[in-house]
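One structure is given below, encoded as structure tokens.
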2 protein chains.
Amino acid sequence: MQNTPITLKFLAEKLKMSVSTVSKALNNYPTINEYTKKRVQEMARDLHFTPNKSAINLKERKSRIIGIILPNLLDYFFTRSIYGVEQFAMKNGYNVIISQSHDELEKEIQLADMLLKSRVDGLIVAISKNTQDFSHLDQFENMGIPVVYYTRNPSFNLSCHKVLGNTFQGCYQATKFLIDRGHKKIAYLGGPKMINFTHDRFNGYINALKDNNVPFQAELVAYTDFDKENTVSAIQNLFNNSENMPTALVAFKEPILFDAIKYLKSINHPKFNEIECIGFGNTPFISYLDSPPIASIEENPESVGENAIKLLLQLINREIEIQDYQKIMVDCQLVVH
Amino acid sequence: MQNTPITLKFLAEKLKMSVSTVSKALNNYPTINEYTKKRVQEMARDLHFTPNKSAINLKERKSRIIGIILPNLLDYFFTRSIYGVEQFAMKNGYNVIISQSHDELEKEIQLADMLLKSRVDGLIVAISKNTQDFSHLDQFENMGIPVVYYTRNPSFNLSCHKVLGNTFQGCYQATKFLIDRGHKKIAYLGGPKMINFTHDRFNGYINALKDNNVPFQAELVAYTDFDKENTVSAIQNLFNNSENMPTALVAFKEPILFDAIKYLKSINHPKFNEIECIGFGNTPFISYLDSPPIASIEENPESVGENAIKLLLQLINREIEIQDYQKIMVDCQLVVH
DNA sequence: AATACCATTTCAAACGTTTGAAATAATTGA
DNA sequence: TCAATTATTTCAAACGTTTGAAATGGTATT
């Protein structure tokens, strides 16, 4: 049980040279003699020397910690996105602190404060569904700490870095797919209006209709949030008019689509078997459904996460100017089941 | 844009006193004059002073980082367990690095090395399904860094700290429930034999049968892993004997149970509607199934996670001796749908 | 008025690195 | 052989805290 970690000083004493020589040898300084370097590096390897991160961080005035705030880890999209972030962060010597806002603004503010105190070097955030005031996030940039908004972001604000799924394109594709299958009455079930992508997706839907000469009908559009009850009432609105019954449905999120399908089935909707559905997510649970959606929109969350961390690291390293606001889009794919 | 963080030195200069007085005032040393304390604390508050963690960690020879290795964040149990860990860790000033082994031993070894280099103060780990050699984890304890195994652990090894779901009790309860509903032929679908809880759950099943005078039949037991194909063939084995057809099924994990249900339905099993199923997990997707399990075993992952971090912090703070190996069990509940 | 005794504050070293400047050693050229 | 040049190593300060020991100032005791 070797309890005291190896330090530069210890190596220096063992090798009978100064701490700075050891440090420079390990960092491959050109002024250090090759033979010396070799001796130092071998000894460091043999003794399993690992530099003390706290010391380095103190010296470099960095924490090498990335903060990430997201609504919920139980959401399949966010969980997958984490993977992309972690992989790349680790590879670059950064650690990631993940924190969940549970889609509550108050909690988000708390977490932001906590992360600011933790002196994170950068922040990746997917805002809560009712974040409209951004002062708790702006304070990061005010202190020179870069922030990247991912997925959920303040759509009206151009002065921030964003990494988004190309949710317009995804929704366009899905709608087009349904049109190509002969549907004329395609309903659209959108999410909370506060969340930016709700509108992007709607625009994808609209544009697909327009480009394919399918008339838009306002009564085929309804909105819900993450609550089952609201979804059910939205679905009731969409399907209560026997004159103008939709034959297909595009929904902003898969678990919500499942709620919709379940409801339609539960009321024994007369044309249930003809209704073709598509939702965002491509969650694996689809395979267990008896009446699965005909297709899913794969959002490539890992890629969104990876792009976010890549951008953030570039900002941290000042490879991109902090005011040179970036917007990165990650395409979706339609996966037919 | 105030770019240089406030330091003790800065406060000291502003207040015209020494750095140590400021430090001690903030840490509420009894030797510091009350009025001085007040002045210092007020100034610290007004200037939003936050102590530099790297400096503190360096001084205290700690990283205040907890490492956590788990198979997969996409697994509902683990995702939920994280919540318990993070909450409690944060409250105590610790940050958590989450890393996924993807149930691969090699990756697990890599992650362990990475976390060791990150100088975590403690480790929480759910081992991969084929971890049998523990040298990569033992090295933590060899260096005085406490390790808590949670959920998945080396069952044969008593010399380690464990926090487990009381999976025996959960399975007992589920089996008992089915017996009480009149079932005599209850099948048990177990998980990978390498994972400890597979056996605990089996024992719960066996004991419930025994205690209720239901004869045990070896042909009603089959094992699978996380692969769908293996699940299907296990199910085929269980249900291929028309003489001795099970009427109920207890499965070690819910998504796998869903695979089983799906298969039975797909082959139009004659008694499908009579078969009553229970699995571990209580995943929310149950509500979307047409033929949902009759009940679920709720494993309380948050509580498991919280117990793990609590124990780990006690070990880190030497409130519990590192060799005083603990075993904590968290009870399950049967949730009838 | 000298001493002892508090209360309070400050000093100074330490944690483990990094790094420009200074020092030393080795080599070259005349 | 000596100065000049170059190669290599070491010094010393810094990053921002913490903390035991030492110093300071004041009050009480004799």
Side-chain angles (χ1 to χ4, degrees), chain A residues 2-41 43-44 47-65 93 116-121 143-144, chain B residues 2-41 43-44 47-65 93 116-121 143-144:
Chain A
Q2 159 235 313
N3 249 330
T4 38
I6 310 292
T7 65
L8 286 186
K9 193 174 157 198
F10 183 84
L11 289 181
E13 279 162 11
K14 261 209 128 60
L15 290 160
K16 297 199 194 315
M17 48 179 85
S18 76
V19 172
S20 33
T21 308
V22 175
S23 170
K24 286 175 178 170
L26 290 174
N27 290 308
N28 211 25
Y29 268 54
T31 68
I32 301 294
N33 182 285
E34 284 303 322
Y35 177 64
T36 311
K37 278 185 196 171
K38 193 164 154 270
R39 285 211 305 144
V40 173
Q41 282 161 4
M43 172 116 305
L47 268 53
H48 301 107
F49 167 77
T50 16
N52 182 313
K53 279 211 171 195
S54 296
I56 296 175
N57 294 342
L58 174 61
K59 189 85 235 283
E60 294 187 344
R61 294 150 166 273
K62 298 181 90 180
S63 67
R64 293 206 160 257
I65 295 177
L116 198 68
K117 281 194 183 150
S118 285
R119 280 200 158 72
V120 294
D121 290 340
M143 296 187 61
Chain B
Q2 158 233 316
N3 250 331
T4 37
I6 311 292
T7 65
L8 287 186
K9 193 175 155 195
F10 183 84
L11 289 182
E13 278 162 10
K14 263 212 128 69
L15 290 160
K16 297 200 194 315
M17 49 179 86
S18 76
V19 172
S20 32
T21 307
V22 175
S23 169
K24 286 175 178 171
L26 290 173
N27 290 307
N28 212 25
Y29 269 51
T31 68
I32 302 294
N33 181 286
E34 285 304 322
Y35 177 64
T36 310
K37 277 186 196 172
K38 192 164 155 270
R39 285 211 305 144
V40 172
Q41 282 161 5
M43 172 117 303
L47 266 53
H48 301 107
F49 166 77
T50 16
N52 182 313
K53 279 212 172 198
S54 296
I56 296 175
N57 294 343
L58 175 60
K59 189 85 235 289
E60 295 187 346
R61 295 152 167 270
K62 298 181 92 181
S63 66
R64 292 205 160 257
I65 294 177
L116 198 67
K117 281 194 182 148
S118 285
R119 277 199 161 72
V120 293
D121 290 341
M143 295 187 61

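We name chains A, B, ... by the order of the sequence lines, and we start the count at 1 in each one. As a basis for the values below, the full set of heavy atoms in this structure was taken, side chains included, without hydrogen atoms, waters or symmetry mates.
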For Leu26(A) and dT17(C), give me the distance from atom CG to atom P, rounded to whole Å.
9 Å
Could you give the NZ-to-C1' distance, from Lys53(A) to dT17(C), as a whole number of Å?
14 Å
Here the distance between atom P of dC15(C) and atom CD1 of Ile6(A), to the nearest Å, is 15 Å
What about Lys24(B): does its side chain form a donor-acceptor pair under 3.5 Å with the base of dT10(C)?
yes
Give a yes/no on whether any side-chain N or O of Asn52(A) is located under 4.0 angstrom from OP1 or OP2 of dC15(C).
no
With a 4.0 Å cut-off on heavy atoms, is Phe49(B) in touch with a base, just the backbone sugar-phosphate, or nothing at all?
sugar-phosphate
Spacing of Lys62(B) atom NZ relative to dA14(C) atom P, expressed in whole Å:
23 Å
Assuming nearest nucleotide by heavy-atom distance, tell me which of Glu34(B) and Ala55(B) is located more 5' along DNA chain C.
Glu34(B)
Any donor and acceptor pair, going by atom type alone, linking the side chain of Lys37(B) with main-chain N or O of Tyr29(B) inside 3.5 Å?
yes
Using OP1 and OP2 only, check whether a side-chain N or O of Thr36(A) sits under 4.0 Å from dT9(D).
yes
Output the rounded distance in Å from CE (Met17(B)) to P (dT24(D)).
19 Å
On the nucleotide dT8(D), are OP1 or OP2 found under 4.0 Å from the side-chain N or O atoms that Thr31(A) carries?
no
For dA14(D), does either OP1 or OP2 sit under 4.0 Å from a side-chain N or O belonging to Arg61(A)?
no
Can you identify which nucleotide, out of dT19(D), dC15(D), dT17(C), has its nearest atom closest to the Val19(A) side chain?
dT17(C)
Determine the contact category for Asn57(A): base if any of its heavy atoms lies under 4.0 Å from a base atom, sugar-phosphate if only primed atoms, P, OP1 or OP2 are that close, otherwise nothing.
nothing
Is a side-chain N or O of Lys53(B) found less than 3.5 angstrom from the main chain of Ser63(A), in a donor-acceptor match?
no
Working to the nearest 0.5 Å, report the span between NE2 of His48(A) and CG of Leu116(B).
9.5 Å
Check: Pro51(A) main-chain N/O paired with Arg119(B) side-chain donor or acceptor under 3.5 Å:
yes
Does Ser18(B) make a side-chain N or O approach to OP1 or OP2 of dT9(C) shorter than 4.0 Å?
no
Considering only heavy side-chain atoms of Lys9(B), the closest of dC15(C), dC15(D), dT18(D) is dC15(D)
CG on Leu26(B) to OG1 on Thr21(B), rounded to 0.5 Å:
10.5 Å
Does Asn33(B) make a side-chain N or O approach to OP1 or OP2 of dT8(C) shorter than 4.0 Å?
yes
Closest nucleotide among dC11(C), dT18(D), dT17(C) to the Leu8(B) side chain:
dT18(D)
Ile56(A), Ile65(A), Leu58(A) screened by side-chain contact (heavy atoms from CB on, under 4.5 Å) with Ser54(B), the one that passes:
Leu58(A)
Can you find a donor-acceptor N/O pair under 3.5 angstrom joining the side chain of Lys59(A) to the base of dT17(C)?
no
Can you tell me if Thr21(A) touches the phosphate of dT9(D), counting only side-chain N or O atoms and a distance under 4.0 Å to OP1 or OP2?
no
To the nearest Å, give me how far apart CD (Glu60(A)) and P (dT17(C)) are.
12 Å
Starting at atom NZ of Lys16(A), determine the distance to atom C1' of dT10(D), rounded to an integer number of angstrom.
17 Å
When rounded to whole Å, the CG to C1' distance for the pair Asn27(A) and dT18(C) reads 8 Å
Within the 4.0 Å heavy-atom criterion, would you say Thr7(B) contacts the bases, only the backbone, or no part of the nucleic acid?
sugar-phosphate
